[in-house]
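Below is one structure; the comments refer to it alone.
For the single chain, residues carry numbers from 1 onward in sequence order. Keep in mind that the numbers below use all heavy atoms, side chains included, and drop hydrogens, waters and symmetry copies.
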Amino acid sequence: MDLDNDGHNDLISGSWPGEIFFFKGKRRGSFAAPEMIRNKDGEYINIGGGIRENRTGMGHILIAGNAKFERTSEGTFVNYHGKRFKSTPEKPYAITGTASTAHAADWDGDGDYDLIIGDIRGKVYLIGNEGTSQSYAFGKEEPLRAGQKPIDVSRNAGPFAADWDGDGDLDLLVGADNGSVQFYRNTGSAQAPKLASAIQLVPPGERRSGSMAPKEVCRGTRSKICVADWNGDGLPDLLVGDRVSQKPNRPEPTTRQKAEYDRIREELKPIQKRYGELSQKIWGPSRVTDEEQIKQIQQEISKIRDSMTDLRSKLPSEYERHGWVWLFLRKSKK
């Protein structure tokens, strides 16, 4: 994908904070350092992002975006797009993200790349390029609709535009949090797309974790997709990345090992309880406001975290997280 039409392939990527990153292609297949894409008004693109007042239920000011905490002798600050905010007991800050997934495609057939963005809420948006193929200028986002309704796959939408039915215009495929993939046929044209209601191409995957996690390799959740002719037969195929929990493939522990693991788990219980109590004093609805007391609590929390980390490192993990890529080859109609 050559976003700026300079003859070099570029990359774009969504992110957990939500901003969209542009990796400009250079010679010999290398890329420049990533830059966050701005719209035509100079604002960073992050659908649903920004500063939200009192949205955590605990009085916090929530920043959804590429923000970072900075702890200094003068207190705790949050840095967000060139601005610096002090987090205090009376006005505490928290950080979250919109989990964007980005795909560039010429959605309206005018010769330049538009952006198709999925987010954590399961919505899909189109951001049209109001500039040119050499100098993009992205406008305001608008929800993509299918069957007269805004597309909504419940959570973690992963869109990809491709000519899936081979009729010469772009259709839309969307991965979902439950591991499924939905297909939205373009019943309009290349210049004026109109999407039909969803057809499920891939069913949901496994959603089991902890002691219930499977040991065998299986499809998981949070589908992220790519369409390509994988086997060169002229038909588009589907690649689906996922996230899954599995039990580690290792021998059963001995009786002695089991006894040691049980001892460590018992040792962890009061430490975890104390951590919960202290967390409530810092972040809970009845949190303390005295600066000196907060500092003492934070110091104790830091020590408890170290203790929990040390003890947990001696326990075997109940499950491991994996990200597999699954290939679905398209069947010929013949």
Side-chain angles (χ1 to χ4, degrees), residues 13-17 95-97 99 101 118 120 122 153-158 160 174-182 200-228 230-231 237-280 282-283 298-331:
S13 175
S15 66
W16 159 247
I95 298 173
T96 188
T101 301
I120 195 170
V153 296
S154 296
R155 284 183 64 82
N156 289 314
F160 195 96
V174 182
D177 186 73
N178 65 3
S180 67
V181 177
Q182 310 296 324
Q200 184 172 272
L201 295 182
V202 178
E206 292 279 352
R207 192 188 292 274
R208 291 184 283 164
S209 60
S211 60
M212 300 298 294
K215 198 165 188 177
E216 69 279 3
V217 174
C218 62
R219 271 201 325 109
T221 58
R222 297 191 189 179
S223 295
K224 298 296 183 287
I225 59 181
C226 178
V227 175
W230 185 259
N231 56 0
D237 305 305
L238 183 62
L239 293 153
V240 181
D242 70 4
R243 178 180 185 268
V244 68
S245 296
Q246 289 178 214
K247 288 181 180 176
N249 187 15
R250 59 169 175 255
E252 285 293 316
T254 64
T255 302
R256 185 174 179 178
Q257 286 174 325
K258 286 182 179 179
E260 176 62 11
Y261 297 154
D262 289 341
R263 184 194 66 78
I264 294 172
R265 291 187 183 100
E266 287 300 315
E267 188 177 346
L268 265 170
K269 287 181 180 178
I271 299 174
Q272 291 171 325
K273 182 180 178 181
R274 179 60 177 163
Y275 179 80
E277 294 169 350
L278 293 172
S279 297
Q280 284 299 307
I282 294 292
W283 298 291
Q298 288 175 334
Q299 289 173 347
E300 186 176 352
I301 285 177
S302 179
K303 291 178 181 178
I304 288 176
R305 279 177 178 160
D306 291 342
S307 297
M308 289 193 300
T309 299
D310 179 60
L311 288 170
R312 286 170 177 164
S313 69
K314 298 173 183 177
L315 291 171
S317 59
E318 289 187 12
Y319 64 93
E320 299 172 340
R321 287 203 173 99
H322 293 275
W324 305 109
V325 177
W326 301 84
L327 171 63
F328 295 84
L329 292 174
R330 190 74 172 272
K331 290 182 179 180

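- Taking 4.0 Å as the cut-off between side-chain N and carboxylate O, K303 and E300 do not count as a salt-bridged pair.
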- Are I120 and W16 close enough, and set up right, to give a side chain to side chain contact (heavy atoms under 4.5 Å, CB included), and what steps lead you there? CA-CA 9 Å; I120 195 170; W16 159 247; 3.7 Å; yes
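- Residues V153 and G175 share a closest heavy-atom pair of CG2-O, 4.0 Å.
- With contacts defined as side-chain heavy-atom distances shorter than 4.5 Å, the pair L238/V227 qualifies.
- The local environment of CH2 in W326 is crowded, with over 12 non-hydrogen atoms from other residues, nucleotides or ligands closer than 6.0 Å.
- A salt bridge between K314 and D310 is present, with a side-chain N of the basic residue lying under 4.0 Å from a carboxylate O of the acidic one.
- In this structure, the side chain of S279 engages the main chain of Y275 through a donor-acceptor pair within 3.5 Å.
- The two residues L329 and N231 have their closest heavy-atom pair at CD2-ND2, 3.7 Å.
- The shortest heavy-atom contact between C218 and E206 is SG-CG, 3.6 Å.
- For D237 against W230, the heavy-atom pair with the smallest separation is OD2-N, 2.8 Å.
- No donor-acceptor distance shorter than 3.5 angstrom exists from the side chain of R274 to the backbone of I304, with no hydrogens or angles considered.
- Remark: side-chain polar atoms of R265 are not paired, donor with acceptor, to backbone N or O of L315 under 3.5 angstrom.
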- Message: Please determine whether side chain to side chain contact (heavy atoms under 4.5 Å, CB included) holds for the pair T221 and N178, giving the CA-CA distance in whole Å, both sets of side-chain angles, and the decisive distance to 0.1 Å.
- Response: CA-CA 5 Å; T221 58; N178 65 3; 5.5 Å; no
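- Within 6.0 Å of the CZ atom in R256, the count of heavy atoms belonging to other residues, nucleotides or ligands does not exceed 12.
- Taking CE from M212 and CZ from R207, the interatomic distance works out to 14.5 Å, rounded to the nearest 0.5 Å.
- With hydrogens and angles ignored, the 3.5 Å screen pairs no side-chain donor or acceptor of S180 with any backbone N or O of P203.
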- In sequence, state the C-alpha distance, the side-chain angles, and the governing distance for S317 and R250, and then conclude on side chain to side chain contact (heavy atoms under 4.5 Å, CB included). CA-CA 11 Å; S317 59; R250 59 169 175 255; 3.9 Å; yes
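- Taking CD of Q182 as the start and CG of L201 as the end, the distance is 7.5 Å to the nearest 0.5 Å.
- Scanning both residues, P248 and K215, for their nearest heavy atoms gives O-CE, 3.4 Å.
- The structure places CH2 of W324 at 5.5 Å from CD of Q246, a figure rounded to the nearest 0.5 Å.
- Nearest approach of R312 to Q272, heavy atoms of both residues: NH2-NE2, 3.1 Å.
- Separation of atoms CD (Q299) and CG (L278) is listed at 12.0 Å; rounding is to 0.5 Å.
- No donor-acceptor pair under 3.5 Å is formed between the side chain of D177 and the backbone N or O of N156.
- Rounding to the nearest 0.5 Å places NZ of K224 at 10.0 Å from CZ of R243.
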